[in-house]
Amino acid sequence: MFETIAQNIPDQRIFIKDVSVTIRRLDLVHPQISGNKFFKLKYNFLDAQRQGYQHILSFGGAYSNHIAATAFAAQHFGFKSVGIIRGEELAHRPLSSTLTTAQQCGMQLHFVSREHYRRKQQPDYLAELTVQFSRHYLIPEGGTNPLAIQGCREILKEGDAQFDVICCAVGTGGTITGLIEASEVHQQVLGFSALKGSFLKDEVAQLTRKTNWNIFDDYCCGGYAKINAALMQFIRDFEAEFAIPLEQVYTAKMLMGILDLIEKNYFPAGSKLLVIHSGGLQGRNMPFGFTTT
Ligand SMILES: Cc1ncc(COP(=O)(O)O)c(C=O)c1O
């Protein structure tokens, strides 16, 4: 079991609503396999080792923290790794800081068109990839699968029953599903989607039978990896006030959402919130071609 720092946020806007916010700093769990990635990858790598695989293959976009963490974990545990990356045009551009990290960890980056990428779950496409990249242990996009969900259950600990609400950022839904599965009946699990649209609710509903959760999809600043001046100012202010680093794709949007909900009296007085800082800080550098709204 890993010791994780839980940090209280002493903010006037929170105090006056009689709400408390504690941030679990999973970003500090490991310098490269940070945040939720540590929990999502743990059982997958153990399974790959147990089954005697030598190659790991996974999918992601230019800003996929999952790809960077998988590349590092593969190198660390002695696997070769391949990343199937969405967007063939990226092959001719400078790499994002996230993909640079992955490449430095020895991951072979293979850029494919969006059309090809959409086939990421189709057996015939996966068979083609096996021919191209030899027998491999497949970890799906974002790392979300039953073993990842099993790992993410371990984010919550025994004493966490004191919290009324658990908050996390949502990309593919594995992290929130683990949290939901580990939550108690009196707790609400709230997700903050990093993607445009409301489809994540349906996807998570396929992964759990429990109903004590919800996903907000109006804090993504226009879409995945999109930023605006208010978001970047929020990150600067938050870091200056609490000395907690955030990144712009997931954690900053989640915290903006939480503070907005507190402001709007969404949480009853006395509510205790546990907020999961899911890491991804290697993606903080503003990469080339970053999209703004
Ligand atoms: C920093 C960060 N937070 C949250 C998430 C979302 O996790 P999930 O894809 O399990 O919903 C990701 C993606 O893995 C991430 O990199």
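Every number for a ligand or one of its atoms is a count from 1 in the order of the listing. These numbers come from the heavy atoms of this one structure, side chains and all, not from hydrogens, waters or symmetry mates.
Without hydrogens or angle criteria, Asn212 side chain to Val185 main chain gives no donor-acceptor distance under 3.5 Å.
For ligand 1 and Thr175, the ligand atoms under 4.0 Å from any heavy atom of the residue are 7 (O), 8 (P), 10 (O). Ligand 1 places these atoms under 4.0 Å from at least one heavy atom of Thr172: 8 (P), 9 (O), 10 (O), 11 (O). Residue contact check: Asn65 has heavy atoms under 4.0 Å from atoms 1 (C), 15 (C), 16 (O) of ligand 1.
Below 30°, between 30° and 60°, or above 60°: for Phe77 and Phe45 the angle between ring planes is between 30° and 60°, a tilted geometry. A tilted orientation is assigned to the rings of Tyr125 and His116, their planes being inclined by 30° to 60°. By the 30° and 60° cut-offs, the orientation of the rings of Tyr219 relative to Phe192 is tilted. Taking the six-membered ring for Trp and thresholds of 30 and 60 degrees, Phe216 and Tyr266 have ring planes more than 60 degrees apart, a perpendicular arrangement.
Nearest non-hydrogen protein atom to atom 15 (C) of ligand 1 is Lys37 NZ, 2.9 Å. Protein heavy atom closest to atom 3 (N) of ligand 1, with residue, atom name and distance, is Ser278 OG, 2.6 Å. At the top of the distance list for atom 7 (O) of ligand 1, counting protein heavy atoms only, stands Asn36 ND2, 3.1 Å. Of all protein heavy atoms, the one lying nearest to atom 10 (O) of ligand 1 is Lys40 NZ, 2.5 Å. Nearest protein heavy-atom neighbour of atom 6 (C) of ligand 1: Gly171 N, 3.3 Å.
No N or O atom of Thr251 sits closer than 3.5 Å to an N or O atom of ligand 1. Considering backbone and side-chain atoms alike, His66 places every N or O at 3.5 Å or more from each N or O of ligand 1. Between Gly279 and ligand 1, a contact under 3.5 Å exists for no N or O pair.
A salt bridge between Asp160 and Lys157 is absent, with no side-chain N of the basic residue lying under 4.0 Å from a carboxylate O of the acidic one.
Put simply, part of Gly173 is less than 4.0 Å from ligand 1, judged by heavy atoms. Between Ile176 and ligand 1 there is no heavy-atom distance shorter than 4.0 Å.
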Item to check | Candidate pair Phe72 and Gln282, rule side-chain contact (heavy atoms from CB on, under 4.5 Å), full reasoning | outcome: CA-CA 12 Å; Phe72 180 87; Gln282 97 291 321; over 6 Å; no

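A donor atom on one side chain and an acceptor atom on the other are found under 3.5 Å apart for Thr144 and Lys40.
The distance between the ring centers of His110 and Phe133 falls below 6.0 angstrom.
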